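Notes for the one structure printed next.
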Amino acid sequence: MPLALLALAVGAFGIGTTEFVMMGLLPDVADDLHISIPSAGHLVSAYALGVVIGAPLLAAVTAKMSRRTVLIGLMGLFVVGNALSALAPDNGWLLAARFLSGLPHGAFFGVGAVVATNMVAPERKARSVSLMFLGLTVANVAGVPVATLMGQHLGWRATFLGVSAIGLAAIAALAFLIPHDHEHTTAKGLRGELAALRSVPVWLSLGTTVAGFGALFAAYSYITPMLTDAAGYADASVTLLLALFGVGATAGNLLGGRLADHSLRGTLFSGLGSLVVILALFPLLMRTEATAVLAVMLLGMAAFATGSPLQLMVMEKASSAPSLASSANQAAFNLANAGGAWIGGLALAAGFGVTSPALAGAALAVLGLGVASLAYAVDRRAVPAAGHERIVASHVPQEAEAVHH
(Lines give C-alpha, C1' and ligand atoms only; values in the text may rest on other atoms or scores of the structure.)
Protein backbone atom coordinates (compact mmCIF):
# COMPACT_ATOMS: atom_id res chain seq x y z
CA MET A 1 0.00 0.00 0.00
CA PRO A 2 1.33 3.49 -0.90
CA LEU A 3 2.69 5.58 1.97
CA ALA A 4 0.47 8.39 0.63
CA LEU A 5 -2.49 6.66 2.29
CA LEU A 6 -0.94 7.68 5.61
CA ALA A 7 -1.49 11.33 4.70
CA LEU A 8 -5.18 10.66 4.08
CA ALA A 9 -5.44 8.76 7.36
CA VAL A 10 -3.88 11.68 9.29
CA GLY A 11 -6.49 14.02 7.81
CA ALA A 12 -9.26 11.53 8.65
CA PHE A 13 -7.94 11.30 12.22
CA GLY A 14 -8.22 15.06 12.68
CA ILE A 15 -11.70 15.16 11.15
CA GLY A 16 -12.92 12.24 13.26
CA THR A 17 -11.57 13.86 16.42
CA THR A 18 -13.24 17.24 15.89
CA GLU A 19 -16.53 15.61 14.84
CA PHE A 20 -17.01 13.51 17.97
CA VAL A 21 -15.13 15.44 20.67
CA MET A 22 -17.86 18.06 21.01
CA MET A 23 -20.14 15.50 22.72
CA GLY A 24 -17.70 15.21 25.61
CA LEU A 25 -17.09 18.96 25.83
CA LEU A 26 -20.70 20.15 25.90
CA PRO A 27 -20.81 20.81 29.68
CA ASP A 28 -17.52 22.76 29.58
CA VAL A 29 -18.61 24.84 26.57
CA ALA A 30 -22.03 25.51 28.12
CA ASP A 31 -20.50 26.70 31.40
CA ASP A 32 -17.91 28.92 29.71
CA LEU A 33 -20.34 30.56 27.28
CA HIS A 34 -23.19 30.74 29.84
CA ILE A 35 -25.67 28.74 27.76
CA SER A 36 -27.72 25.62 28.48
CA ILE A 37 -26.49 22.16 27.50
CA PRO A 38 -29.37 21.75 24.99
CA SER A 39 -28.27 25.02 23.37
CA ALA A 40 -24.69 23.78 23.31
CA GLY A 41 -25.99 20.64 21.61
CA HIS A 42 -26.77 22.78 18.57
CA LEU A 43 -23.00 22.92 18.00
CA VAL A 44 -23.13 19.23 17.08
CA SER A 45 -25.97 19.91 14.65
CA ALA A 46 -24.13 22.88 13.12
CA TYR A 47 -21.15 20.68 12.28
CA ALA A 48 -23.38 17.98 10.77
CA LEU A 49 -25.22 20.60 8.69
CA GLY A 50 -21.88 21.80 7.38
CA VAL A 51 -21.00 18.25 6.33
CA VAL A 52 -24.30 17.70 4.51
CA ILE A 53 -24.10 21.01 2.62
CA GLY A 54 -20.36 21.05 2.01
CA ALA A 55 -19.90 17.46 0.85
CA PRO A 56 -21.63 17.61 -2.55
CA LEU A 57 -21.17 21.37 -3.02
CA LEU A 58 -17.38 21.50 -2.60
CA ALA A 59 -16.88 18.27 -4.55
CA ALA A 60 -18.89 19.65 -7.46
CA VAL A 61 -17.30 23.11 -7.66
CA THR A 62 -13.77 21.68 -7.44
CA ALA A 63 -14.44 18.97 -10.03
CA LYS A 64 -11.91 20.28 -12.55
CA MET A 65 -9.15 21.01 -10.05
CA SER A 66 -6.20 18.81 -9.18
CA ARG A 67 -7.33 16.40 -6.48
CA ARG A 68 -4.08 16.95 -4.58
CA THR A 69 -4.76 20.69 -4.54
CA VAL A 70 -8.36 20.09 -3.48
CA LEU A 71 -7.33 17.87 -0.54
CA ILE A 72 -4.80 20.42 0.71
CA GLY A 73 -7.33 23.24 0.32
CA LEU A 74 -10.03 21.30 2.18
CA MET A 75 -7.68 20.58 5.05
CA GLY A 76 -6.73 24.27 5.11
CA LEU A 77 -10.42 25.15 5.51
CA PHE A 78 -10.61 22.55 8.28
CA VAL A 79 -7.71 24.23 10.13
CA VAL A 80 -9.31 27.67 9.79
CA GLY A 81 -12.66 26.41 11.09
CA ASN A 82 -11.15 24.79 14.16
CA ALA A 83 -8.88 27.77 14.90
CA LEU A 84 -11.92 30.08 14.74
CA SER A 85 -13.75 27.67 17.07
CA ALA A 86 -10.95 28.08 19.61
CA LEU A 87 -11.13 31.88 19.32
CA ALA A 88 -14.94 32.23 19.21
CA PRO A 89 -16.06 34.96 21.67
CA ASP A 90 -19.65 33.72 22.02
CA ASN A 91 -22.06 30.96 21.06
CA GLY A 92 -23.10 32.57 17.76
CA TRP A 93 -19.53 32.76 16.53
CA LEU A 94 -18.87 29.21 17.70
CA LEU A 95 -21.92 27.94 15.81
CA ALA A 96 -20.64 29.58 12.64
CA ALA A 97 -17.12 28.21 13.19
CA ARG A 98 -18.44 24.67 13.76
CA PHE A 99 -20.47 24.91 10.55
CA LEU A 100 -17.33 26.04 8.72
CA SER A 101 -15.35 23.16 10.24
CA GLY A 102 -17.91 20.68 8.91
CA LEU A 103 -17.91 21.98 5.33
CA PRO A 104 -14.72 20.15 4.18
CA HIS A 105 -15.47 16.89 6.01
CA GLY A 106 -17.46 15.03 3.37
CA ALA A 107 -15.55 16.35 0.38
CA PHE A 108 -12.24 15.34 1.97
CA PHE A 109 -13.36 11.75 2.43
CA GLY A 110 -15.04 11.73 -0.98
CA VAL A 111 -12.09 13.05 -2.96
CA GLY A 112 -9.69 11.12 -0.73
CA ALA A 113 -11.44 7.84 -1.54
CA VAL A 114 -10.97 8.48 -5.26
CA VAL A 115 -7.30 9.34 -4.77
CA ALA A 116 -6.78 6.25 -2.60
CA THR A 117 -8.33 3.86 -5.13
CA ASN A 118 -6.39 5.40 -8.02
CA MET A 119 -3.08 4.68 -6.29
CA VAL A 120 -3.50 0.92 -5.94
CA ALA A 121 -4.17 -2.16 -8.03
CA PRO A 122 -7.85 -3.02 -8.69
CA GLU A 123 -7.80 -5.92 -6.24
CA ARG A 124 -6.74 -3.59 -3.39
CA LYS A 125 -9.18 -0.70 -3.84
CA ALA A 126 -11.44 -1.54 -0.89
CA ARG A 127 -8.44 -1.97 1.39
CA SER A 128 -7.09 1.42 0.31
CA VAL A 129 -10.37 3.07 1.31
CA SER A 130 -10.42 1.19 4.62
CA LEU A 131 -6.91 2.44 5.41
CA MET A 132 -8.04 6.03 4.87
CA PHE A 133 -11.07 5.39 7.12
CA LEU A 134 -8.66 3.92 9.67
CA GLY A 135 -7.88 7.47 10.78
CA LEU A 136 -11.58 8.01 11.53
CA THR A 137 -11.97 4.85 13.62
CA VAL A 138 -8.68 5.35 15.49
CA ALA A 139 -9.91 8.84 16.37
CA ASN A 140 -12.67 7.17 18.41
CA VAL A 141 -10.11 5.00 20.22
CA ALA A 142 -7.43 7.59 20.95
CA GLY A 143 -8.16 11.03 19.48
CA VAL A 144 -11.51 11.76 21.12
CA PRO A 145 -10.60 10.55 24.65
CA VAL A 146 -7.29 12.47 24.63
CA ALA A 147 -8.91 15.60 23.18
CA THR A 148 -11.70 15.40 25.77
CA LEU A 149 -9.21 15.13 28.63
CA MET A 150 -7.28 18.06 27.16
CA GLY A 151 -10.45 20.14 27.09
CA GLN A 152 -11.37 19.22 30.66
CA HIS A 153 -7.94 20.12 32.06
CA LEU A 154 -6.73 22.93 29.76
CA GLY A 155 -10.07 24.33 28.60
CA TRP A 156 -12.19 23.44 25.60
CA ARG A 157 -10.45 26.05 23.44
CA ALA A 158 -7.17 24.15 23.80
CA THR A 159 -8.87 21.11 22.26
CA PHE A 160 -9.67 22.94 19.04
CA LEU A 161 -6.19 24.44 18.87
CA GLY A 162 -4.85 20.89 19.18
CA VAL A 163 -7.13 19.71 16.39
CA SER A 164 -5.90 22.61 14.24
CA ALA A 165 -2.34 21.38 14.82
CA ILE A 166 -3.37 17.93 13.59
CA GLY A 167 -4.80 19.61 10.50
CA LEU A 168 -1.50 21.39 9.84
CA ALA A 169 0.34 18.07 10.16
CA ALA A 170 -2.12 16.57 7.65
CA ILE A 171 -1.46 19.42 5.20
CA ALA A 172 2.28 18.78 5.42
CA ALA A 173 1.75 15.04 4.88
CA LEU A 174 -0.57 15.64 1.93
CA ALA A 175 1.87 18.05 0.29
CA PHE A 176 4.79 15.67 0.75
CA LEU A 177 3.19 12.27 0.05
CA ILE A 178 0.25 12.75 -2.35
CA PRO A 179 1.35 12.58 -6.02
CA HIS A 180 0.95 15.65 -8.21
CA ASP A 181 -1.89 15.15 -10.62
CA HIS A 182 -3.18 17.03 -13.62
CA GLU A 183 -6.58 18.62 -14.09
CA HIS A 184 -9.38 16.06 -14.19
CA THR A 185 -9.46 14.91 -17.81
CA THR A 186 -12.86 13.27 -17.39
CA ALA A 187 -14.53 16.11 -15.51
CA LYS A 188 -17.49 17.70 -17.29
CA GLY A 189 -17.95 20.68 -15.02
CA LEU A 190 -20.65 21.26 -12.41
CA ARG A 191 -23.51 20.23 -14.70
CA GLY A 192 -21.79 16.99 -15.66
CA GLU A 193 -20.99 16.15 -12.03
CA LEU A 194 -24.58 16.76 -10.94
CA ALA A 195 -25.87 14.63 -13.83
CA ALA A 196 -24.28 11.60 -12.20
CA LEU A 197 -26.71 11.95 -9.30
CA ARG A 198 -29.70 11.35 -11.58
CA SER A 199 -28.94 7.63 -11.62
CA VAL A 200 -31.35 5.35 -9.73
CA PRO A 201 -28.54 2.93 -8.71
CA VAL A 202 -26.63 5.85 -7.17
CA TRP A 203 -29.63 6.83 -5.07
CA LEU A 204 -30.22 3.23 -4.03
CA SER A 205 -26.61 3.04 -2.87
CA LEU A 206 -27.00 6.29 -0.93
CA GLY A 207 -30.25 4.97 0.54
CA THR A 208 -28.45 1.85 1.73
CA THR A 209 -25.92 4.07 3.51
CA VAL A 210 -28.63 6.14 5.22
CA ALA A 211 -30.56 3.07 6.42
CA GLY A 212 -27.52 0.96 7.31
CA PHE A 213 -25.67 3.58 9.33
CA GLY A 214 -28.96 4.96 10.64
CA ALA A 215 -29.26 1.55 12.31
CA LEU A 216 -25.92 2.10 14.03
CA PHE A 217 -26.70 5.59 15.29
CA ALA A 218 -30.19 4.68 16.47
CA ALA A 219 -28.50 2.47 19.07
CA TYR A 220 -25.13 4.17 19.55
CA SER A 221 -26.67 7.57 20.31
CA TYR A 222 -28.21 6.03 23.45
CA ILE A 223 -25.47 3.56 24.32
CA THR A 224 -24.62 5.34 27.60
CA PRO A 225 -28.02 4.85 29.29
CA MET A 226 -28.05 1.25 28.02
CA LEU A 227 -24.68 0.58 29.65
CA THR A 228 -25.55 2.30 32.93
CA ASP A 229 -29.26 1.54 33.38
CA ALA A 230 -29.48 -1.90 31.74
CA ALA A 231 -25.99 -3.44 32.09
CA GLY A 232 -25.24 -1.81 35.43
CA TYR A 233 -21.96 -0.05 34.63
CA ALA A 234 -20.87 3.01 36.58
CA ASP A 235 -20.78 6.32 34.71
CA ALA A 236 -17.00 6.43 35.02
CA SER A 237 -16.68 3.22 32.98
CA VAL A 238 -18.51 4.52 29.92
CA THR A 239 -15.50 6.30 28.37
CA LEU A 240 -13.49 3.07 28.35
CA LEU A 241 -16.41 1.12 26.89
CA LEU A 242 -16.83 3.67 24.10
CA ALA A 243 -13.13 3.25 23.33
CA LEU A 244 -13.81 -0.48 22.99
CA PHE A 245 -16.51 0.41 20.46
CA GLY A 246 -13.76 2.22 18.55
CA VAL A 247 -11.59 -0.90 18.73
CA GLY A 248 -14.41 -2.95 17.24
CA ALA A 249 -15.02 -0.31 14.57
CA THR A 250 -11.33 -0.31 13.64
CA ALA A 251 -11.24 -4.09 13.34
CA GLY A 252 -14.47 -4.12 11.32
CA ASN A 253 -13.21 -1.40 9.00
CA LEU A 254 -9.99 -3.29 8.20
CA LEU A 255 -11.80 -6.63 7.86
CA GLY A 256 -14.49 -5.12 5.64
CA GLY A 257 -11.90 -3.57 3.35
CA ARG A 258 -10.07 -6.87 2.91
CA LEU A 259 -13.23 -8.91 2.34
CA ALA A 260 -14.76 -6.36 -0.03
CA ASP A 261 -11.82 -6.74 -2.40
CA HIS A 262 -12.97 -10.34 -2.83
CA SER A 263 -16.74 -9.77 -2.77
CA LEU A 264 -18.05 -6.25 -2.38
CA ARG A 265 -21.71 -7.16 -2.45
CA GLY A 266 -21.23 -10.21 -0.25
CA THR A 267 -19.39 -8.14 2.37
CA LEU A 268 -22.13 -5.53 2.36
CA PHE A 269 -24.92 -8.08 2.82
CA SER A 270 -22.98 -9.92 5.53
CA GLY A 271 -22.29 -6.71 7.43
CA LEU A 272 -25.90 -5.54 7.31
CA GLY A 273 -27.16 -9.01 8.23
CA SER A 274 -24.80 -9.13 11.21
CA LEU A 275 -26.02 -5.69 12.25
CA VAL A 276 -29.63 -6.91 12.25
CA VAL A 277 -28.77 -9.87 14.49
CA ILE A 278 -26.57 -7.92 16.93
CA LEU A 279 -29.08 -5.10 17.39
CA ALA A 280 -31.96 -7.55 17.79
CA LEU A 281 -30.00 -9.31 20.56
CA PHE A 282 -29.11 -6.08 22.36
CA PRO A 283 -31.89 -6.35 24.99
CA LEU A 284 -30.47 -9.76 25.98
CA LEU A 285 -26.80 -8.79 25.72
CA MET A 286 -27.30 -5.71 27.90
CA ARG A 287 -28.41 -7.79 30.89
CA THR A 288 -24.86 -8.49 32.12
CA GLU A 289 -21.65 -6.48 32.12
CA ALA A 290 -19.65 -9.12 30.22
CA THR A 291 -22.12 -9.55 27.37
CA ALA A 292 -22.63 -5.77 27.19
CA VAL A 293 -18.92 -5.34 26.39
CA LEU A 294 -19.27 -7.96 23.66
CA ALA A 295 -22.33 -6.17 22.27
CA VAL A 296 -20.55 -2.81 22.09
CA MET A 297 -17.53 -4.23 20.25
CA LEU A 298 -19.62 -6.32 17.85
CA LEU A 299 -21.80 -3.30 17.06
CA GLY A 300 -18.77 -1.29 15.98
CA MET A 301 -17.32 -4.19 14.02
CA ALA A 302 -20.49 -5.03 12.07
CA ALA A 303 -21.36 -1.42 11.24
CA PHE A 304 -17.94 -0.34 10.04
CA ALA A 305 -17.39 -3.51 8.03
CA THR A 306 -19.90 -1.99 5.60
CA GLY A 307 -18.12 1.38 5.32
CA SER A 308 -15.69 0.57 2.49
CA PRO A 309 -18.20 -1.47 0.46
CA LEU A 310 -20.76 1.33 0.62
CA GLN A 311 -18.18 3.93 -0.42
CA LEU A 312 -16.97 1.89 -3.38
CA MET A 313 -20.46 0.95 -4.49
CA VAL A 314 -21.48 4.60 -4.80
CA MET A 315 -18.29 5.39 -6.71
CA GLU A 316 -18.88 2.47 -9.07
CA LYS A 317 -22.44 3.56 -9.78
CA ALA A 318 -21.34 7.13 -10.60
CA SER A 319 -18.15 6.34 -12.49
CA SER A 320 -18.39 9.58 -14.49
CA ALA A 321 -18.30 11.68 -11.30
CA PRO A 322 -16.84 9.52 -8.53
CA SER A 323 -15.66 12.47 -6.39
CA LEU A 324 -19.13 14.01 -6.17
CA ALA A 325 -20.88 10.69 -5.54
CA SER A 326 -18.29 9.66 -2.97
CA SER A 327 -18.72 12.99 -1.18
CA ALA A 328 -22.51 12.67 -1.33
CA ASN A 329 -22.12 9.33 0.43
CA GLN A 330 -20.42 11.16 3.30
CA ALA A 331 -23.43 13.48 3.49
CA ALA A 332 -25.57 10.32 3.64
CA PHE A 333 -23.53 9.10 6.62
CA ASN A 334 -24.34 12.31 8.49
CA LEU A 335 -28.02 12.13 7.57
CA ALA A 336 -27.91 8.62 9.00
CA ASN A 337 -26.41 10.04 12.19
CA ALA A 338 -29.17 12.59 12.64
CA GLY A 339 -32.02 10.37 11.43
CA GLY A 340 -30.94 7.31 13.37
CA ALA A 341 -30.62 9.27 16.62
CA TRP A 342 -34.09 10.76 16.04
CA ILE A 343 -35.72 7.36 15.41
CA GLY A 344 -33.97 5.80 18.40
CA GLY A 345 -35.18 8.72 20.51
CA LEU A 346 -38.77 8.13 19.39
CA ALA A 347 -38.60 4.53 20.64
CA LEU A 348 -37.18 5.72 23.96
CA ALA A 349 -39.75 8.50 24.35
CA ALA A 350 -42.57 6.06 23.61
CA GLY A 351 -41.67 4.15 26.77
CA PHE A 352 -40.49 0.93 25.13
CA GLY A 353 -37.50 0.64 27.44
CA VAL A 354 -33.88 1.75 27.59
CA THR A 355 -32.76 -0.84 25.00
CA SER A 356 -35.58 -0.09 22.56
CA PRO A 357 -33.40 2.18 20.37
CA ALA A 358 -31.39 -0.92 19.46
CA LEU A 359 -34.55 -2.65 18.22
CA ALA A 360 -35.39 0.44 16.19
CA GLY A 361 -31.87 0.16 14.78
CA ALA A 362 -32.47 -3.49 13.88
CA ALA A 363 -35.54 -2.43 11.90
CA LEU A 364 -33.45 0.17 10.05
CA ALA A 365 -30.81 -2.47 9.29
CA VAL A 366 -33.54 -4.67 7.79
CA LEU A 367 -34.58 -1.68 5.67
CA GLY A 368 -30.95 -1.27 4.60
CA LEU A 369 -30.84 -4.91 3.54
CA GLY A 370 -34.03 -4.38 1.57
CA VAL A 371 -32.66 -1.34 -0.27
CA ALA A 372 -29.39 -3.17 -0.97
CA SER A 373 -31.35 -6.14 -2.34
CA LEU A 374 -33.39 -3.83 -4.56
CA ALA A 375 -30.15 -2.28 -5.84
CA TYR A 376 -28.86 -5.78 -6.62
CA ALA A 377 -32.06 -6.62 -8.50
CA VAL A 378 -31.77 -3.41 -10.54
CA ASP A 379 -28.17 -4.30 -11.39
CA ARG A 380 -29.09 -7.78 -12.57
CA ARG A 381 -31.91 -6.42 -14.67
CA ALA A 382 -29.76 -3.69 -16.23
CA VAL A 383 -26.82 -5.96 -17.00
CA PRO A 384 -27.71 -9.50 -18.08
CA ALA A 385 -26.07 -12.07 -15.85
CA ALA A 386 -22.57 -12.70 -17.14
CA GLY A 387 -21.03 -14.39 -14.16
CA HIS A 388 -20.50 -11.08 -12.34
CA GLU A 389 -22.46 -11.71 -9.18
CA ARG A 390 -20.32 -9.29 -7.28
CA ILE A 391 -19.55 -5.67 -8.03
CA VAL A 392 -15.83 -5.20 -8.20
CA ALA A 393 -14.10 -1.97 -7.39
CA SER A 394 -12.03 -2.22 -10.54
CA HIS A 395 -15.01 -0.86 -12.45
CA VAL A 396 -14.06 2.56 -11.09
CA PRO A 397 -11.98 4.12 -13.87
CA GLN A 398 -8.45 5.01 -12.97
CA GLU A 399 -6.92 8.29 -13.98
CA ALA A 400 -3.29 8.59 -14.83
CA GLU A 401 -1.42 10.10 -11.90
CA ALA A 402 1.91 11.70 -12.75
CA VAL A 403 4.12 11.34 -9.71
CA HIS A 404 6.36 14.33 -9.05
CA HIS A 405 7.72 14.97 -5.56
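These numbers come from a predicted model, not from an experiment.
When all heavy atoms of Arg258 and His262 are compared, the pair lying nearest together is O-CD2, 3.3 Å. Across every non-hydrogen atom of Arg265 and Ala372, the tightest pair is NH1-O, 3.9 Å. When all heavy atoms are compared, the tightest approach of Pro179 to Met119 is CD-SD, 3.8 Å.
Proximity of Ile72 to Arg68: side-chain heavy atoms (C-beta onward) are separated by under 4.5 Å at one or more points. Inter-residue side-chain proximity for Phe269 and Ser373 is flagged as met; some heavy-atom pair is nearer than 4.5 Å. Leu310 places none of its side-chain heavy atoms less than 4.5 Å from the side chain of Val314. Using a 4.5 Å heavy-atom threshold, the side chains of Leu100 and Leu103 count as touching. Looking at heavy atoms from C-beta onward, Leu299 lies in side-chain contact with Leu275 at the 4.5 angstrom threshold. Trp93 has its side chain out of reach of Leu84: every pair of non-hydrogen atoms, C-beta onward, lies at least 4.5 Å apart. In this structure, Thr208 and Leu272 have side chains that are in contact, with non-hydrogen atoms separated by less than 4.5 Å. Residues Asn329 and Leu206 are in side-chain contact: their nearest non-hydrogen atoms beyond the backbone lie under 4.5 Å apart.
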> Given Leu71 and Leu8, is the side-chain contact (heavy atoms from CB on, under 4.5 Å) satisfied, shown in steps?
Replying inline: CA-CA 9 Å; Leu71 288 171; Leu8 297 173; 3.8 Å; yes
>> One pair to check against side-chain contact (heavy atoms from CB on, under 4.5 Å): His34 and Asp90. What are the steps and the verdict?
In response: CA-CA 9 Å; His34 307 292; Asp90 55 42; over 6 Å; no
>> One pair to check against side-chain contact (heavy atoms from CB on, under 4.5 Å): Leu43 and Leu95. What are the steps and the verdict?
In response: CA-CA 6 Å; Leu43 297 168; Leu95 278 170; 3.6 Å; yes
>> Quick one, Leu264 with Glu316, criterion side-chain contact (heavy atoms from CB on, under 4.5 Å). Give me CA distance, side-chain angles, the key distance, then yes/no.
In response: CA-CA 11 Å; Leu264 193 153; Glu316 189 272 341; over 6 Å; no
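With sequence neighbours left out, the side-chain hydrogen bond (donor to acceptor under 3.5 Å, both in side chains) criterion links Tyr47 to His105. Applying the salt bridge (Lys or Arg N to Asp or Glu O under 4.0 Å) criterion to Asp229, with sequence neighbours excluded, gives no partner residue. With sequence neighbours excluded, no residue satisfies side-chain hydrogen bond (donor to acceptor under 3.5 Å, both in side chains) with Ser274. Considering only residues two or more places apart in sequence or on other chains, Thr137 meets the side-chain hydrogen bond (donor to acceptor under 3.5 Å, both in side chains) condition with Thr250. For Ala158, the side chain to side chain contact (heavy atoms under 4.5 Å, CB included) test picks out Met150, Leu154, with sequence neighbours left out. Listed by chain and residue number, Thr288 satisfy the side-chain hydrogen bond (donor to acceptor under 3.5 Å, both in side chains) test with Thr291 (two or more places apart in sequence, or in another chain).
A distance of 10.0 Å separates CD1 in Ile171 from CG in Leu74, rounded to the nearest 0.5 Å. We find the OG-CD1 distance between Ser221 and Ile343 to be 11.0 Å, quoted to the nearest 0.5 Å.
Residue pairs meeting the ring pair (Phe, Tyr, Trp, His ring centres under 6.0 Å) criterion with at least one member in residues 231-255, sequence neighbours excluded: Tyr220-Phe245. Within the structure, every pair that satisfies the salt bridge (charged side-chain N to carboxylate O under 4.0 Å, His left out) test and touches residues 141-158, not counting sequence neighbours, is listed here: Asp32-Arg157. Under the ring pair (Phe, Tyr, Trp, His ring centres under 6.0 Å) criterion, the residue pairs touching residues 322-369 are Phe213-Phe333, with sequence neighbours excluded. Residue pairs meeting the ring pair (Phe, Tyr, Trp, His ring centres under 6.0 Å) criterion with at least one partner in residues 122-154, sequence neighbours excluded, are Phe109-Phe133.
With hydrogens and angles ignored, the 3.5 Å screen pairs a side-chain donor or acceptor of Thr159 with a backbone N or O of Ala147. Using a distance-only test at 3.5 Å, with no hydrogens or angles considered, a donor-acceptor pair links the side chain of Tyr222 to the main chain of Gly345.
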Table please: side-chain donor-acceptor pairs of residues 16-23 below 3.5 Å, with sequence neighbours left out.
residue: Thr17; atom: OG1; partner: Phe13; partner atom: O; Å: 2.8
residue: Thr18; atom: OG1; partner: Asn82; partner atom: OD1; Å: 2.6
residue: Thr18; atom: OG1; partner: Arg98; partner atom: NH1; Å: 3.2

Distance-only donor-acceptor pairs under 3.5 Å for side chains of residues 277-284, two or more places apart:
none

